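Pasting a structure here, questions to come.
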Amino acid sequence: MLSVLGKTKAKVALLVALGVAIFLSSAGLIYAQDAGGAETLLGDANAPVNFTWTLMAGFLVFFMQAGFAFLGAGLIRAKNTVNYMTKSFMDFSIATLSFWAFGFALMFGGSALAAGLEEGNLWIGLSGFFLAGDAYDVGTAELWLFQMMFAGTAATIVAGAVAERMKINAYLAYSFIIGAIIYPLYGHQVWGGGWLSTLPFGVGAIDFAGSGVVHAVGGLVALAGAATVGPRIGKFNANGSANAMPGHNIGYVVAGTFILFFGWFGFNAGSTLAATELRISIIATNTLLAGAAGAVVALYFTIARTGKADIVMACNGALAGLVGITAPCAWVAPWAAVVIGGIAALVMLGSVKFVERVLKVDDVVGAVSVHGAGGLWGLLAVGIFADGTYGNYTTDAPLVTGLLYGGAEQFIAQLISVVVVTAWALGAGFLVFWVLKMTMGLRASREEEMEGLDMPEHGMEAYPAAR
Amino acid sequence: MLSVLGKTKAKVALLVALGVAIFLSSAGLIYAQDAGGAETLLGDANAPVNFTWTLMAGFLVFFMQAGFAFLGAGLIRAKNTVNYMTKSFMDFSIATLSFWAFGFALMFGGSALAAGLEEGNLWIGLSGFFLAGDAYDVGTAELWLFQMMFAGTAATIVAGAVAERMKINAYLAYSFIIGAIIYPLYGHQVWGGGWLSTLPFGVGAIDFAGSGVVHAVGGLVALAGAATVGPRIGKFNANGSANAMPGHNIGYVVAGTFILFFGWFGFNAGSTLAATELRISIIATNTLLAGAAGAVVALYFTIARTGKADIVMACNGALAGLVGITAPCAWVAPWAAVVIGGIAALVMLGSVKFVERVLKVDDVVGAVSVHGAGGLWGLLAVGIFADGTYGNYTTDAPLVTGLLYGGAEQFIAQLISVVVVTAWALGAGFLVFWVLKMTMGLRASREEEMEGLDMPEHGMEAYPAAR
Amino acid sequence: MLSVLGKTKAKVALLVALGVAIFLSSAGLIYAQDAGGAETLLGDANAPVNFTWTLMAGFLVFFMQAGFAFLGAGLIRAKNTVNYMTKSFMDFSIATLSFWAFGFALMFGGSALAAGLEEGNLWIGLSGFFLAGDAYDVGTAELWLFQMMFAGTAATIVAGAVAERMKINAYLAYSFIIGAIIYPLYGHQVWGGGWLSTLPFGVGAIDFAGSGVVHAVGGLVALAGAATVGPRIGKFNANGSANAMPGHNIGYVVAGTFILFFGWFGFNAGSTLAATELRISIIATNTLLAGAAGAVVALYFTIARTGKADIVMACNGALAGLVGITAPCAWVAPWAAVVIGGIAALVMLGSVKFVERVLKVDDVVGAVSVHGAGGLWGLLAVGIFADGTYGNYTTDAPLVTGLLYGGAEQFIAQLISVVVVTAWALGAGFLVFWVLKMTMGLRASREEEMEGLDMPEHGMEAYPAAR
């Protein structure tokens, strides 16, 4: 107890000191640029509709947090519900602060996408800390809000994979780090003007709404986390075979999937950051079609295999379809969205078996397969199905063309991005969880795990005796 | 098991063959029109705000699926929760694919509302299949996305009425058919340029956001389905009297109603498809007032009758009010919305008795009364309360005037529409469910029904033993 | 039973008579101004984007009702779930009707913010009843819809504080009164052109999105209600110490908090009523940062105090942060939002102790501390942290400056507003609940309370025996 407090205090003190130092060096209380918005409005008559679109879409992405909370809670046992929901709620809150203080600057510094983001290089961003100084600007805040929701999504993907045995304080520490460092550094490569985006193949490595930047990063860090913390007691038998450990509320799983699907429209279509890009209607259409195709393929696949209509797999199929279409959503035709979504479901189903049977990793909710495998597939799908009708976030940019339409080069760029994100997310993920394991300790005690983490770590049960 | 698989395979093969044939004949991979959106933007400076409005509203309508899932799940017994939620989730996914492939073209072909929708006649649409060819266009995708959400709503209304005894594979087959054929054909009559919209009374039969097109169709097909599959074991006694069969979670009922209410703002106000129609504010206001009035009338009615504040009836009252205002929402004043919503609640309450006591049909959630009866009332309400302040989706069109303001003709058009939708939805509904009964079989075995459908059909329980 | 009916009938008759009289005197069926919207559009090319923004934000605020329903339901015992959810659902429905008929006119009459709102004075508004006459206008309906959602929020805040023992019919009567009178009268002072807004200090008393108008009013009326109805049986021991009475579903608490957080983006950023005020991006950013900071501070505070990660307190911390930033959200920098949110969590934690230990009031969900104490802190925070970068709802208005930036006068105006809202909400709250106690009776019988209110008042349980 005391050592926990001591560590917490030391950590907080260190962070506050670091924060104040960077804050003051970022101009701190002196603000600049256009904090009222009048100047920006004068310069761009379309700013109001683009702000409306981007902010509303960002709010929808925020709501996906509730979807993750429900989905994961449904798939775990009742005795860990408070623990899971605490992680799900707090990882977003903590990542919000770390992405505000550090992550956003490391990711978008140098991109010049908005005011106060001028400094940075091919490897890392170096301006925009704390939204202070020149970054106290309406355009920068708009970008931050939308991007923050994505950072939060990446963070929370991990919670499901490591559920039911990772200690809450270790998980909260991880949340800070993914928002501050792990997520932004690969993100800078693709969205912040970094090296991958400058590759001399096709239009460079691209990822419209984050199959790679958000989902593959989250899913692969989840793999590192689940592997490092080890399987739940009772998951694997001595001979290596796995036991099913059913969750406690299937209704929550469906509810969570609906909420995620709903938010995904903002996730994908909002990523234009502009309503003046009318391609948003095709993006939303592709998103819906891919999710539906993923659900249908996964459901009929399980019916064909087992004779049972497995709704959990159908939900994961829908989510895999959505993850898969996230990178290519803006560059493919509706028929291709159906194909991409259907294949994503099959990729997810194969990955679930692979993770459990080959890797022997206990991924409680299938996060590695839905987000990790689905995300890598999405990156590749850009290089296959992009049909040359749309450019990189605008019709004015060079059009994106994949293998099916003669664009082999784009596929190469995507392949390189797949390699980089896999290496980075696994490498950084294993490192962080190893360090946490060595310092704070990752895993609850055997007694706590058997009892469930809710009482030992939170002092309350999810469902106190009724009446 | 084998025969199920065989049938599934044959069905899938047939559909795929049909699909590919139509797809190729629709120009397939060759796209045209404005898939990037630059041209559309150039031609219409208001396109971004109208796209923003329509797409965001469509997303809200999507979220109503979660509302239906919660509402129905709360009103059924725990042992059928997985089954109900699977139907609720999959009917939308399947209807998405069938409306994309076939339904949208049958409904809007010939309407010329967007690119690629030129061919069609007074009875049926014949272009826009698969959003391929000329229909691969930002304007067409915008229309499709919004309309798809409506088709999905009609589909899922049926799930509640036939809950707790209809087999999952029969229900999934029905889902495909309502999205591909039943919903679009009446829809073409009203929104796709078909015969009813050309009636020489008033401005022709109209239905702003779908009291008839969506809710009456869904509610009356639900009546056909519930009647064909028969009542649940134990619902009716030998003497014909009915037993109450309480659901398992009242909180879900309230949550579902809130979500539906929330989505309904998009459903009604979004139906302008344009933010430049500022009438949207009055539409949203009317929607809120009618729903609130329905809730209050239903609650105080049950308090007066039984002394108990029946929240389930209050929720159904709110929903009936919302269904009732859906057709007239754009053409009436706020005071009339209150009256329409209040009457809708009374119509719903009367219909519940009628369906149970006279028709002896077991409608588990009251879908027939809320959506069917409420929807027909909504169509008539247009002909009574329309006050001549607004036209058909625009202020430039001839103004709509009902009985109270001297417009007897409009009432006649609405009456004809009521007759047509009733005949079509009941006729098509009974035919489809009869065919499914004769081929796949509609009803779970007595043993399965007694046990609950979750284990036999899905291999899982909604609430696996905790801990 | 009969006397309940008699009272209900008399009340309804009185209200209807009053309603019809005012309705007819407000021009009633004769409408005027711009009900179609064409004229408004002609006069303001930005009207569509501003309508889109305001209406969508209003819909988000509506959805907060579902958040309150879940949050409260999770914190009470299962035996009162139907009762709580009925209150949560019906207070909004009833407040909708009373705010439509009376409240809106009393609040915004004289503000001239839209058509039909010309009459009123420094103390009370006197036009806009029933949205009739000149108030049947697209601009007025837009304002009404957004404001109605706020009135409904204030109403429902009270439900949680008085849960588990207040009779449903007394609560419903209160709902009518807060929407018709209590909420609008202070609201007129701040947002309707009333006296407080004309104070000669700073720019007058201000409150961007309602820390005071909505939350402090709701939270302080809740205090009056909880004090008047008295504590639940078993809450306090003979020696005055309090017992913990855990709720029944922690997952609902987290879900409710997520939904409230989601809706809060509309609550705060939508309060510009205009997307042309690009400050909306900074408002949304501040909202997120304050909520996250509140959650983090409350969580680590409880970890430091008890060694347990108390998710209920973290949720209340997030909500307190959101309440606290609601007034200052438009006038402060991101770093200040973090500080304001963090302090709000501490204020809430202190208030919880104060209410329970000093006031000996049984506030079941902490509504008094989150909304009341948090709301008053928010009003003061404007006077401290406003940094002079933005005016009152527009960049053209005089800029708002707080203590930290040399603006002592604004702090005085805020302090006066704190005194007024406290006096008004407590005074009116105690009066209303005292009158209800003397007439209808406030409190369920001892037997009903012990059994739970669900069966006696509603004739149903929340979770009927499964299967």
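Keep in mind it's a predicted model, so treat the numbers as computed, not measured.
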On a heavy-atom basis, the closest approach of C:Phe59 and C:Leu145 is CE2-CD2, 3.7 Å
If one checks every heavy atom of B:Val296 against chain C at 4.5 Å, the contacting part turns out to be both
Review point. After noting the C-alpha distance and the side-chain angles of B:Phe258 and B:Phe262, does the key distance pass the ring pair (Phe, Tyr, Trp, His ring centres under 6.0 Å) rule?
Key: CA-CA 6 Å; B:Phe258 271 128; B:Phe262 174 47; over 10 Å; no
Taking every heavy atom of B:Thr287 against every heavy atom of B:Ile325, the minimum-distance pair comes out as CA-CG2, 4.0 Å
Of B:Thr285, B:Thr395, B:Val49, B:Asn46, the largest count of non-hydrogen pairs under 4.5 angstrom with chain C goes to B:Thr285
query = Can the ring centres of B:Trp335 and C:Phe130 be said to be less than 6.0 Å apart?
reply = no
Of C:Glu142, C:Glu457, C:Met148, the largest count of non-hydrogen pairs under 4.5 angstrom with chain B goes to C:Glu457
Applying a strict 4.5 Å limit to non-hydrogen atoms, the region of C:Met149 in contact with chain B is side chain
The interface call for C:Ala69 against chain B, heavy-atom contacts under 4.5 Å, is side chain
Note: vs chain C, highest number of non-hydrogen pairs under 4.5 angstrom among B:Ile280, B:Leu399, B:Leu289, B:Asp310 is B:Leu289
Turns out that what part of C:Leu143 lies under 4.5 Å from chain B's heavy atoms comes down to neither
Step by step, would you call B:Ile311 with B:Val253 a side-chain contact (heavy atoms from CB on, under 4.5 Å)?
CA-CA 9 Å; B:Ile311 183 61; B:Val253 175; over 6 Å; no
So, the part of B:Ile76 with a heavy atom under 4.5 Å from chain C: the answer is neither
Okay, C:Phe146 and chain B: the region with an atom under 4.5 Å from a heavy atom over there is neither
Turns out that what part of B:Tyr390 lies under 4.5 Å from chain C's heavy atoms comes down to side chain
Bottom line for C:Tyr84: the part with an atom under 4.5 Å from chain B's heavy atoms is neither
Correct closest heavy-atom pair for C:Phe70 and C:Gly256 would be CB-CA, 3.7 Å
Honestly, the part of C:Phe62 sitting under 4.5 Å from a heavy atom of chain B is side chain
Applying a strict 4.5 Å limit to non-hydrogen atoms, the region of C:Phe89 in contact with chain B is both
Turns out that what part of C:Leu55 lies under 4.5 Å from chain B's heavy atoms comes down to side chain
Heavy-atom nearest pair, B:Met56 first then C:Met56, reads CB-CE, 3.4 Å
What is the ring orientation for B:Trp264 with B:Phe267, classed by angle as parallel under 30°, tilted 30 to 60°, or perpendicular over 60°? tilted
Exactly one of B:Thr389, B:Thr272, B:Thr394 clears side chain to side chain donor-acceptor pair (under 3.5 Å) with B:Arg279, and that residue is B:Thr389
Okay, B:Phe261 and chain C: the region with an atom under 4.5 Å from a heavy atom over there is both
Whatever's closer than 4.5 Å to a heavy atom in chain B on C:Met85 counts as both
Shortest non-hydrogen pair, C:Lys79 vs C:Asp454, comes out as O-CG, 2.9 Å
Cut-off 4.5 Å, heavy atoms of chain B, and the answer for C:Gln65 is both
Of the listed C:Ala73, C:Pro456, C:Gly58, the one with the largest count of heavy-atom pairs under 4.5 Å with chain B is C:Pro456
| message | Please determine whether the number of non-hydrogen atoms from other residues, nucleotides or ligands lying under 6.0 Å from atom CD of C:Glu39 exceeds 12. | response | no
Smallest heavy-atom separation, B:His248 atom then B:Tyr463 atom, equals NE2-OH, 2.6 Å
The interface call for B:Ala274 against chain C, heavy-atom contacts under 4.5 Å, is neither
